[in-house]
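All heavy atoms count here, side chains included; hydrogens, waters and symmetry mates do not. Heads up: numbering here begins at 1 and tracks the sequence.
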Amino acid sequence: KQVVMHLALQQVRDQLVVYRRSAQKKGFAALLLDTVEELKHSAVNPSMLTQTSQALDPGKLQQKSAEVALVFEAYQQILSASYRDRLDDLIVAAQRVAGTGFFGQYEVFFEHFVSFNQPQVRLIEQMLDADLTFVLCLDATDSSMLFDPTRQTLRSLQKLARQHGVALGPIQALPPAIQDRDLAFV
């Protein structure tokens, strides 16, 4: 991936202003690759980033985001010509099954997820016609922040179901699996 990012930087080097010098420095391709991966985890593609940068007030932030979008686009083009990025798999899967009802005949189980990134949520949206079961690790009696990420995931899933008019089944609490005090400590 870093080789592809280096190629992308070389391809657009003459169009860079803010990042012209940085593009030549060791480690910049890796930093930009991390940025692209974060964007992909948020289901942001190059055209979305370009649109967002165009909506910003003129200045450094606008220029930087536009240049990241330019490099991101070049990276995607090079990658898609000969390679495949596993980070794109869920978005591609969601696009391929959209509107097909593919999952309608299946029972799908999600177990022990703390949260879902945007590509995962988009695929889950395509599964809403299936019989879905989510197993989340929560302690209803614990109001500490320990379970906050999982509680937020539960609320997000409930909101997603409401937005798509999907009826929710009951939330079931399972009895504690470990009754032995010594084992519970471990």
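A single hydrophobic cluster is not seen to contain both Leu31 and Leu61; linkage of ILVMFWY side chains at heavy-atom distances under 4.5 Å, directly or through other members, places them apart. Hydrophobic clustering (ILVMFWY, side-chain heavy atoms < 4.5 Å, transitive): Phe134 and Val114 are in distinct clusters. Taken together through direct or relayed side-chain contacts under 4.5 Å among Ile, Leu, Val, Met, Phe, Trp and Tyr, Leu79 and Ile91 form parts of separate hydrophobic clusters. Put simply, Leu90 and Phe110 are part of the same group of oily side chains (I, L, V, M, F, W, Y) that touch within less than 4.5 Å, one to the next. One hydrophobic cluster holds both Leu49 and Leu16 under the rule that ILVMFWY side chains link at heavy-atom gaps under 4.5 Å.
Remark: Tyr19 pairs with Phe28 by the ring pair (Phe, Tyr, Trp, His ring centres under 6.0 Å) rule, at least two apart or across chains.
Two residues are said to be in side-chain contact when any heavy atoms from C-beta on lie closer than 4.5 Å; Phe113 and Thr153 fail this criterion. Within the 4.5 Å cutoff, side-chain heavy atoms of Tyr75 are placed close to those of Asp85. Side-chain contact check for Val108 versus Asp131: every heavy-atom pair is 4.5 Å or farther apart. Ser65 places a side-chain heavy atom less than 4.5 Å from the side chain of Leu56. The shortest distance between side-chain heavy atoms of Gln62 and Pro58 falls below 4.5 Å.
Closest approach of Lys40 and Pro119 over heavy atoms only: O-CG, 3.2 Å. Counting all heavy atoms, side chain and backbone alike, Ala30 lies closest to Gln2 at CB-NE2, 3.5 Å. Nearest heavy-atom pair across Ile78 and Tyr83 is O-CD1, 4.2 Å. Of all heavy-atom pairs spanning Leu9 and Ala23, the tightest one is CD2-CB, 4.0 Å. Between Gln126 and Ala98, the shortest heavy-atom distance links the atoms OE1-CA, 3.0 Å. Considering every non-hydrogen atom in both Pro149 and Leu146, the closest pair reads CD-O, 3.8 Å.
Checked by atom type, the side-chain pair His41/Gln118 shows no donor-acceptor distance below 3.5 Å. Between the side chains of Ser156 and Gln152, a donor-acceptor pair is found at a separation under 3.5 Å.
Ring-plane geometry between Tyr106 and Phe103 is classed as perpendicular, the angle between the planes exceeding 60 degrees on a 0 to 90 degree scale with a lower cut at 30.
At most 12 non-hydrogen atoms from other residues, nucleotides or ligands lie less than 6.0 angstrom from CZ of Arg21. Taking a 6.0 Å sphere around CZ of Phe109, one finds it holds more than 12 heavy atoms contributed by other residues, nucleotides or ligands. Surrounding NZ of Lys1 are more than 12 heavy atoms belonging to other residues, nucleotides or ligands, all under 6.0 Å away.
Atoms CG and CG, on Leu132 and Leu157 in that order, are 9.0 Å from each other to the nearest 0.5 Å. Atom CD of residue Glu125 and atom CG of residue Leu160 lie 5.0 Å apart, to the nearest 0.5 angstrom. Remark: Leu136 CG to Ser115 OG distance equals 10.5 Å, nearest 0.5 Å. A distance of 8.5 Å separates CG in Asn45 from CD in Glu73, rounded to the nearest 0.5 Å.
For the pair Glu67 and Arg20, the salt-bridge criterion is not met [side-chain N within less than 4.0 Å of a carboxylate O]. A salt bridge does not link Arg86 with Asp89: every distance from a Lys NZ or Arg NE/NH1/NH2 to an Asp or Glu carboxylate oxygen is 4.0 Å or more.
Here the rule is side-chain contact (heavy atoms from CB on, under 4.5 Å) with Leu33, and of Glu38, His6, Met5 only Met5 fits it.
Ser42 contributes no side-chain N or O that, together with a main-chain N or O of Val44, makes up a donor-acceptor pair within less than 3.5 Å.
Each salt bridge (charged side-chain N to carboxylate O under 4.0 Å, His left out) pair with one or both residues in residues 110-122, not counting sequence neighbours, would appear here, but there are none.
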